[in-house]
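So that the names make sense, note that chain A is the first sequence line, chain B the second, and so on, each numbered from 1.
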Protein chains: 2
Amino acid sequence: MAPTTPVRVSTLGYAILGLLAREPLSGYDLAALLKMPVGYYWTAQHGQIHPELQRLLADGLVTYQATRGPGPHPKKVYTITPSGSRILRSWVTEPPRPRPVRDELVLKAASLWFADTAAALRLFRAEAERHAEQLATYEATRTSMEARYGASLQRPGRPEFAEYVTLRCGISYETHRLGWCRWVIELLEQADAWPEPPGRR
Amino acid sequence: MAPTTPVRVSTLGYAILGLLAREPLSGYDLAALLKMPVGYYWTAQHGQIHPELQRLLADGLVTYQATRGPGPHPKKVYTITPSGSRILRSWVTEPPRPRPVRDELVLKAASLWFADTAAALRLFRAEAERHAEQLATYEATRTSMEARYGASLQRPGRPEFAEYVTLRCGISYETHRLGWCRWVIELLEQADAWPEPPGRR
DNA sequence: CAACTCATGTAATGAGTTACATGATTGT
DNA sequence: ACAATCATGTAACTCATTACATGAGTTG
């Protein structure tokens, strides 16, 4: 084959190809799967997904089968092409480009010295609760996945293996976040109990 | 005071105000502080910082003192105004809006079943090494901070307290990431040793 | 004298969010 | 009758990255 124009696929494009590698899906299905807080640690709305599907189609990485849709547009069920599979497979194991860190809670934490301690406590207690809830949800999913799939969760060729691996990352992340929030709460509570001695500076 | 037009500040704006609350800085200084991988868990380049400073200036949240600069433009050292301090203080303890999750490594992990196991092992070993290095750097910073500041790291009114809290978040994050990568490596190594039995599916 | 640091500014591009637009079917 | 779900498409906007532009002083 002649070396064609190198096809540039965005990260969202790979997120879509990764889902289509498992099963054919419509844009609507993809939007549902990529909605927070499910989604394979990537999120997108339909306003971004439909144009991206058109780009993938133009590059020959996906095809679709159209049927009459409920609205004015036909419903399109997308399938990954061999070319799409190839480009996805090589992308998966390439090193990810380092993403810039952008974490609003930690940014707020960096200015915590500037804030009222009681208000800071409220903030971190609320955050800790959020993380505890998310952790509980993930743990429940883990229990049901382990019961359902058993040993096949250890087989790297299985889709459920990949899903389990990302779930365990989520559990690990929430555990870390919850631990940090609770540690900050402890520090703030201690300082509240023994307030800043006015004599020393 | 009459209720003026509500001033809308972007997250980057708060990142800048948070740094200016500690000491006056030029746009160049801010760019250096907000560069990866330092920066208070927020990153930005000068191409974004300079226009943002102009907006903060127009809203009266910062002022500057100009001196002759090395290039064609005057050097400007920015200072936070009382109005800027007020808006920063109230922002710090407001709950952060939930940020969409976008993690390229975990996205790759979600398609790991589709990839070559040996290549996947290379990917995760490289990632584990990156995190181990970052963790070592953070731990060294922690040691020097604890030696330098001692008990004042427990006083919430101190800038070094806030810095320490974000550092501990970084340490906790890298520990979580490293643990997860190593766990994935173990799974992949086991599967490599006892390959998929061809009889079962 | 070349490369690096200091120091700001703008423009083009890309990525992501939100809102507008249309319209059938199904459940309350 | 009204809301929710299914289903796609486009436009306006914000946010972020990268590149272009200028130019002095310092270090090797």
Side-chain angles (χ1 to χ4, degrees), chain A residues 7-16 24-37 39 41-59 62 64-78 96-104 107, chain B residues 7-16 24-37 39 41-59 62 64-78 96-104 107:
Chain A
V7 178
R8 293 275 307 137
V9 180
S10 68
T11 309
L12 173 63
Y14 287 115
I16 291 172
L25 294 163
S26 68
Y28 185 86
D29 296 332
L30 285 164
L33 288 170
L34 288 169
K35 200 192 297 181
M36 282 267 286
Y41 296 86
W42 205 265
T43 50
Q45 284 78 39
H46 86 274
Q48 216 188 339
I49 290 165
H50 287 294
E52 184 62 37
L53 280 168
Q54 286 163 28
R55 248 167 287 157
L56 294 174
L57 184 70
D59 291 336
V62 300
Y64 67 86
Q65 281 273 303
T67 55
R68 268 214 58 237
H73 308 287
K75 174 180 171 168
K76 298 171 182 175
V77 175
Y78 290 87
R97 338 165 261 184
R99 278 233 140 206
V101 190
R102 242 169 235 123
D103 188 320
E104 206 170 307
L107 181 64
Chain B
V7 178
R8 292 274 308 138
V9 181
S10 69
T11 309
L12 172 62
Y14 287 116
I16 291 172
L25 294 163
S26 68
Y28 185 86
D29 297 332
L30 285 164
L33 288 170
L34 288 169
K35 199 192 297 181
M36 282 267 285
Y41 296 86
W42 205 266
T43 50
Q45 284 79 39
H46 84 275
Q48 216 189 338
I49 290 166
H50 287 292
E52 185 63 38
L53 280 168
Q54 287 163 28
R55 247 165 291 156
L56 294 173
L57 183 70
D59 291 337
V62 299
Y64 69 84
Q65 280 274 300
T67 56
R68 267 213 61 235
H73 307 287
K75 175 179 169 169
K76 298 171 182 175
V77 176
Y78 289 88
R97 338 164 259 185
R99 278 233 140 205
V101 189
R102 242 171 234 122
D103 188 320
E104 206 170 308
L107 181 64

Sequence-aligned protein contact record of nucleotides 22-28 of chain C, with B where the base is within under 4.0 Å of a protein heavy atom and S where only the sugar-phosphate is
BBB----

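Across the protein-nucleic acid pair, A/Q54 atom CD and C/dA15 atom C1' stand 17 Å apart, rounded to whole Å. For B/L53 and D/dA16, the CG to P distance is 14 Å, given to the nearest whole Å. Distance B/I49 CD1 to D/dA16 C1': 11 Å, rounded to the nearest Å. At whole-Å resolution of the value, NE2 in B/H46 and P in C/dA7 are 13 Å apart. The CD atom of B/E52 sits 12 Å away from the C1' atom of D/dA16 (whole-angstrom rounding). The distance between atom CD of A/Q45 and atom P of C/dG16, rounded to the nearest whole Å, is 10 Å. Between A/R97 atom CZ and D/dT18 atom C1' the separation is 13 Å, expressed in whole Å. What separates CZ of A/R99 from C1' of C/dA15 is a distance of 9 Å, to the nearest Å.
Between A/Y78 and A/V62, the closest heavy-atom pair is CD2-CG2, 3.8 Å.
Checking A/T43 against B/H50, the closest nucleotide of DNA chain C that is more toward the 5' end is the one next to B/H50. DNA chain D is contacted by both A/P51 and B/L12; A/P51 maps to the nucleotide lying nearer its 5′ end (nearest heavy atom per residue).
The side chain of B/Y28 has C/dT5 as its nearest neighbour among C/dT10, C/dT5, C/dA15. For A/S26, the side-chain atoms get nearest to D/dA7 when compared with the rest of D/dC20, C/dG16, D/dA7. Nearest to the side-chain atoms of B/Q48 among the listed nucleotides C/dG9, D/dT17, D/dT8 stands D/dT17.
With values rounded to the nearest 0.5 angstrom, A/K75 atom NZ is found 5.0 Å from A/S26 atom OG. Interatomic distance, A/T43 OG1 to A/L12 CG, rounded to the nearest 0.5 Å: 9.5 Å. We find the CG-CG distance between B/L30 and B/L25 to be 5.0 Å, quoted to the nearest 0.5 Å.
Using a 4.0 Å heavy-atom criterion, one finds that B/G47 contacts the bases of the nucleic acid, with or without backbone contacts as well. Using a 4.0 Å heavy-atom cutoff across all strands shown, B/T11 reaches no nucleic acid atom at all. Here A/R102 lies in heavy-atom contact (under 4.0 Å) with sugar-phosphate atoms only.
Taking the side chain as every heavy atom from C-beta outward, B/D103 and B/L107 never approach each other to under 4.5 Å. Taking 4.5 Å as the limit, every side-chain heavy atom of B/D29 sits out of range of all side-chain heavy atoms of B/V77.
Note on A/K76: a side-chain N or O is less than 4.0 Å away from OP1 or OP2 of D/dG9.
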Distance-only donor-acceptor hits, side chain of residues 45-54 of chain A, under 3.5 Å, sequence neighbours excluded:
unit_1: A/E52; atom_1: OE1; unit_2: A/S10; atom_2: OG; d: 3.3
unit_1: A/E52; atom_1: OE1; unit_2: A/R55; atom_2: NH1; d: 3.0
unit_1: A/E52; atom_1: OE2; unit_2: A/S10; atom_2: OG; d: 3.3

